[in-house]
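Quick note on labels: first sequence line is chain A, next is B, and so on, each numbered from 1. Quick caveat, the model's predicted, so the values are computed rather than measured.
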Protein chains: 2
Amino acid sequence: MTTIKDISKACGVSPATVSKALNGYAEISPETVELVKQTARDLNYMPNAAARLLKTNKSHNIGVLFVDDTMSGLTHEFFSLILNSVKEEAETRGYDITFISNNIGGQKMSFLQHCKYRNCDGVVIASIDFQNPEVLELVRSKVPVVTIDYSFDNLSSIVSDNQEGAYRLASYLAEMGHRRIAFIHGERTLVTQKRIRGFNRAMAEYGIETPPEYMAEARYHDAVSVRKATAALLDLEVPPTAIMFPDDFSFIGGQTEILERGLNIPNDISVCGYDGINLSRILNPRLTTWYQNADRIGKESVRKLVESIEGKSVAEQIMVSGEFLSGNSVRRWVEE
Amino acid sequence: MTTIKDISKACGVSPATVSKALNGYAEISPETVELVKQTARDLNYMPNAAARLLKTNKSHNIGVLFVDDTMSGLTHEFFSLILNSVKEEAETRGYDITFISNNIGGQKMSFLQHCKYRNCDGVVIASIDFQNPEVLELVRSKVPVVTIDYSFDNLSSIVSDNQEGAYRLASYLAEMGHRRIAFIHGERTLVTQKRIRGFNRAMAEYGIETPPEYMAEARYHDAVSVRKATAALLDLEVPPTAIMFPDDFSFIGGQTEILERGLNIPNDISVCGYDGINLSRILNPRLTTWYQNADRIGKESVRKLVESIEGKSVAEQIMVSGEFLSGNSVRRWVEE
DNA sequence: TATCTTGACGAAAACGATTTAGTAAATTAC
DNA sequence: GTAATTTACTAAATCGTTTTCGTCAAGATA
């Protein structure tokens, strides 16, 4: 590898001058700058990130913490999309990303320790469980942090408008004449609470009473638990005419149950999902759902994080709005 | 941050001794080792990865290169699964992973340059296009490399048994009485070629002639192109009775087309996918498909890569075998 | 007793960059 | 013409480790 010294020799200037020329210091004459830059190119020079980091304490590396007991989020399309856009945005801003984990090389290491070990300049956290002690430790540390879909005081966060999304879906069902609307929601996280609030608001506005058994709990992204919940709803004496599912993917579990009972979507039962992932547009019938702009969520979180790393920036809650996607999975319902 | 110096002061020994004690050199007395380790723990010491790297040239970081024009592979469930298992295996072996890209911070940088910049100890490559000049540059460099689903001479590779998979699926269809079997395959990559070979072998064994129009090209993971290809097949004067799809996900495109024509799977037409991702087990009817062991592919590639980084290891082609998953998407076919 | 080993540790030089505090020459000010 | 300032550069310290040689006592050997 060619180093700054090689360039300095080749140009007949000191290493200090090379460094400054490369980093755009004003005190270097234009000719020298040009000479140095050209030589650097000729010698195929790449700065050594480790040496630079050691001196500057800037790693140009941001950590990504996707905590999810089950599958670390990577195989969850919504999170994959976020990860992908985080990656892209980070790269265009000159940052690489590192997955933060807590067991490197067999030895237990807290998330914070991992960040310090790798000198992450900041971290994007998307987590199911923001009460996790290690997550809290990280959040409370000096390391700049941006959280997704959860807000801490004095920290920037990017949140999807969960309340609005659930409200709009529920309103739509009500609008279409449904009065027996069930909501299979995910684990009771903050996100879920917001969605439930949105759902309830819609029900209240349309003067619909929702019996407790219509509010079923399943797990996000888990087709099996959702299928069970669906079965339970269909077994009720007075089953719902419409069901809101936790997310598009897990809806497949519900769909399976519905189809196996010989029921038709949307003629016998109306459904909607959440997320607006690719899958939903491709399903037959096309799923009515709420699109979460994963791309913008990812980009915004990196933007905010980099701002807080580089300059001063005030903590801010950024709401990324979604969009109603109408499909063919809801029919107009007229009470017999 | 506490450094080795802090420990040395606290223990009254030199930094050199601390380093040696921490790294298990034999020349340090057991008592000193114990003292140093305890103090390190007390002071919550974390070695500075950058400083260590600078000196040792070992970053304990492996690069991951998933090239895919369309979506960098991250949202492709099969690749997500591989990525996830690569990540996990790397972590248990004490490595972090870095995504290799070629445009960091707006300035164009080759994959190889990126690797050097970040001092990656080695790289796992999974790519659609192994002829990409930058990929080739990386492959030919000194950087240890393991490739997935493609083999270079003198390099280790982990390959899925694509030929076997396609062969088994095609054989199964023939076994079930089908004689008009179409194969919608992906772009003409090496993987595709292997699958076509497997398909052809099965056809030959069963004495089936496949008209050229039954071999359709679409794009992996692209439901739209697959839907088009499906439509073209169904429009044929003599349409196939069974279709093999490029992968489980893009099959959804075919399914949509089939259902919209009022056809039933498997009564009117039999289908099978490829990959064996979650989705396939959840679809209704359950998809007959070939399971690719993404988890093992990821783990093996890291194992092989780390071996080649750390000790000497001979280049080796490792075949990861898949598994036939029978679903309900194929029916026995009796020619009228 | 004089020499050789061995064990346990330390001094100091790296690794490749950045940055502070100069310095010498050229330019400007008065 | 001298002093002050500016311009364009350099020397050297530094970041936190690792690692190569020492060193120095204590015990072993002859």
Side-chain angles (χ1 to χ4, degrees), chain A residues 1-37 39-40 43-61 94 96 105 113 115-121 310, chain B residues 1-37 39-40 43-61 94 104-105 113 115-121 310:
Chain A
M1 280 307 282
T2 94
T3 75
I4 246 183
K5 261 190 201 160
D6 301 323
I7 302 183
S8 94
K9 271 182 208 151
C11 295
V13 298
S14 77
T17 305
V18 175
S19 171
K20 288 178 185 165
L22 256 24
N23 291 310
Y25 279 59
E27 66 198 71
I28 309 295
S29 74
E31 305 89 61
T32 312
V33 169
E34 196 38 54
L35 173 64
V36 166
K37 284 196 171 165
T39 326
L43 297 182
N44 200 18
Y45 170 74
M46 273 275 100
N48 183 317
R52 168 182 287 175
L53 158 58
L54 189 56
K55 195 67 182 103
T56 62
N57 260 323
K58 298 253 145 287
S59 64
H60 289 273
N61 210 294
D96 277 310
Q113 282 178 313
C115 287
K116 290 192 168 170
Y117 173 58
R118 286 293 176 188
N119 298 87
C120 291
D121 293 337
E310 294 185 344
Chain B
M1 280 304 284
T2 94
T3 76
I4 250 185
K5 262 189 200 159
D6 301 324
I7 302 182
S8 94
K9 270 181 209 153
C11 295
V13 299
S14 77
T17 305
V18 174
S19 171
K20 288 174 188 167
L22 255 24
N23 291 311
Y25 279 59
E27 66 196 73
I28 308 296
S29 74
E31 306 88 59
T32 311
V33 169
E34 196 37 54
L35 173 63
V36 166
K37 286 196 170 167
T39 327
L43 296 183
N44 199 19
Y45 170 75
M46 273 275 102
N48 182 317
R52 168 183 287 175
L53 158 57
L54 188 56
K55 197 69 183 96
T56 61
N57 260 324
K58 299 254 145 287
S59 65
H60 290 274
N61 210 292
I104 287 293
Q113 282 178 314
C115 286
K116 290 192 169 169
Y117 174 57
R118 286 292 176 189
N119 299 88
C120 291
D121 293 337
E310 293 185 345

Closest heavy-atom pair, A/Leu22 versus A/Lys37, reported as atoms and distance to 0.1 Å, is CD1-CG, 4.1 Å
Can you check the A/Leu53 CG to D/dT17 C1' distance for me, whole Å?
13 Å
How does protein contact run along nucleotides 8-16 of chain D, one letter per nucleotide 5' to 3', with B for base contact, S for sugar-phosphate only, - for none, heavy atoms under 4.0 Å?
BBBB--BBB
Does A/Asp96 reach the main-chain N or O of A/Asn61 with its side chain, forming a donor-acceptor pair under 3.5 Å?
no
Is there a donor-acceptor contact under 3.5 Å from the side chain of B/Ser19 to the main chain of B/Pro15?
no
Using side-chain heavy atoms (C-beta onward) and a distance below 4.5 Å, is B/His60 in contact with A/Arg118?
yes
Tell me whether the OP1 or OP2 atom of D/dT18 has a side-chain N or O from B/Ser19 closer than 4.0 Å.
yes
Closest non-hydrogen atom pair, B/Asn44 against A/Gln113:
OD1-NE2, 3.1 Å
Measure OH/A/Tyr25 against C1'/C/dA17 and give the value in whole Å, please.
11 Å
